[in-house]
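We use all heavy atoms of the structure for the numbers below, so side chains are in, but hydrogens, waters and symmetry mates are not. In listed order, ligands and their atoms are each counted from 1. Position 1 is the first residue of the sequence; numbering continues from there.
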Amino acid sequence: MDTTTVASEKGGIGKTTVTVGIARELAGRGVKVGVVDLDPRATVTTWLDVEVPPGEHVGAILGQDDVAGAAADLALTSPWHSGIDVVPGSRDVAALEGSPQEYGDLRLRRAIAGWDRDVVLIDSPNRQGGLLIRSALTASDRVLYATTPDEDGRSGVEWARRNTARFKQLSPLNPDVAEVGIILTRWPDTIPTRDAVNALEALEEDNAGPTPNDPAAGPALPVLRPLVPERVAVRSARAARVWWGDYTRGELVAAAFRDIVDQVWPMHRSSEGETR
Ligand SMILES: Nc1ncnc2c1ncn2[C@@H]1O[C@H](COP(=O)(O)OP(=O)(O)OP(=O)(O)O)[C@@H](O)[C@H]1O
Ligand SMILES: [Mg+2]
């Protein structure tokens with residue numbers, strides 16, 4: 001099992017879209033995917049269109065110690081495609097952020113251990129440093145950052161990377177969690193605006209690694225290609241709670257995720273014709 005957290009310190013910059021795009025692409029390849037919704041806004045749960053029985057959400061993992069096997073017990077299958085199982089999120093988990101939870105950070109990791117999934121994706125909250133993101137990082141092999149081509153997205157990556165660095169430095173639970181790259185979504189799909197180009201340049205400069213001018217910068221991290229194009233079909237699909245690949249105009253976005261999944265999950269690389 002390979003577990004990846006999708007992170008940013010800012011809201012509305014594409015974390016959930018990235019989680020959904022990757023989950024659906026992998027499921028289309030026959031990979032068994034688990035999605036854990038750690039965002040108190042529970043958007044990925046809504047988008048994947050699962051019906052959550054009262055109280056049966058990720059809060060049941062984070063709030064108690066007896067969690068062995070809990071992810072499999074709580075998971076619901078998305079009607080989108082066979083192979084996407086979701087541990088749903090809930091507003092209730094926001095209340096857990098502040099409470100002193102002894103060993104709380106370990107519960108999610110323990111709850112997903114043994115879950116019959118090839119790949120687990122964790123959609124994380126914007127808030128950094130708290131129990132939720134610590135639980136995600138403790139449970140993950142890798143972190144992917146999501147961003148849009150603007151200042152908000154750029155600083156969201158910056159502050160999330162600072163949090164990951166701090167986690168790796170201070171937490172004995174999972175110091176080897178690896179940063180994989182930055183996925184940029186909502187790239188203007190016709191002629192890129194000057195703002196978008198500037199934001200991309202700044203993002204690449206921020207993440208170029210230590211330089212003589214900035215010796216304390218974090219390790220170099222790539223902005224993955226292709227950039228995910230902005231398409232209205234993504235928003236329409238979300239409103240309709242379906243996958244954008246079902247719309248002709250969403251195909252470009254689906255193709256971008258296909259390429260990204262090939263790079264980040266090479267063990268599940270698609271062979272020609274397999275994904276449709
Ligand atoms: N490639 C795209 N084309 C068009 N719209 C997009 C694309 N990617 C993301 N969006 C839209 O941008 C908005 C923010 O995306 P998303 O919800 O994935 O961000 P988020 O970081 O998860 O936000 P939140 O803080 O609410 O969890 C959504 O309305 C989404 O539909
Ligand atoms: Mg989200």
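- Looking at R231 next to ligand 1, an N or O pair under 3.5 Å apart turns up.
- Paired with V120 under the rule side chain to side chain contact (heavy atoms under 4.5 Å, CB included), one option of T5, T3, D2 passes, and it is T3.
- E230 contributes no side-chain N or O that, together with a main-chain N or O of W187, makes up a donor-acceptor pair within less than 3.5 Å.
- The part of N126 lying near ligand 1 is the side chain, judged by heavy-atom distances below 4.0 Å.
- Taking any N or O of D39, backbone or side chain, at least one lies under 3.5 Å from an N or O belonging to ligand 1.
- Side-chain atoms of I22 and I183, non-hydrogen and from C-beta on, do get closer than 4.5 Å to each other.
- Using a 4.5 Å cut-off on side-chain heavy atoms (C-beta onward), D189 and R231 make contact.
- Considering backbone and side-chain atoms alike, V18 places every N or O at 3.5 Å or more from each N or O of ligand 1.
- Of the candidates G12, G14, P188, it is G12 that places a heavy atom closest to atom 23 (O) of ligand 1.
- Contact annotation for R238 and ligand 1: only side-chain heavy atoms (C-beta onward) come within less than 4.0 Å of the ligand.
- Here the shortest heavy-atom distance to atom 15 (O) of ligand 1, taken over T17, L227, T19, belongs to T17.
- Side-chain atoms of T45 come within 3.5 Å of backbone N or O of G89 as a donor-acceptor pair.
- Ionic pairing of R41 and D123 is not present here: no N-O contact between side-chain nitrogen and carboxylate oxygen is shorter than 4.0 angstrom.
- Among the atoms of T17, none of the N, O or S atoms falls under 2.8 Å from the Mg ion (ligand 2).
- The shortest separation from a heavy atom of S8 to ligand 1 is not under 4.0 Å, leaving the residue out of contact.
- Looking at ligand 1, you'll find an N or O of T185 within less than 3.5 Å of one of its N or O atoms.
- With salt bridges taken as basic N to acidic carboxylate O contacts below 4.0 Å, one links R258 and E251.
- With atom 7 (C) of ligand 1 as the reference point, the heavy atom nearest to it among K15, R235, E230, R186 is part of R186.
- A donor-acceptor pair under 3.5 Å links the side-chain atoms of S78 to the main chain of L48, judged by distance alone.
- Backbone and side-chain nitrogen or oxygen atoms of R41 are examined, and one is located within less than 3.5 angstrom of a nitrogen or oxygen of ligand 1.
- Residue P229 touches ligand 1 through its backbone alone, judged by heavy-atom distances below 4.0 Å.
- Every atom of ligand 1 is numbered from 1 in the order shown, and the set under 4.0 Å from a heavy atom of T16 is 18 (O), 20 (P), 22 (O), 27 (O).
- Contact of the R109 side chain with the N174 side chain is registered, since non-hydrogen atoms from C-beta on lie closer than 4.5 Å.
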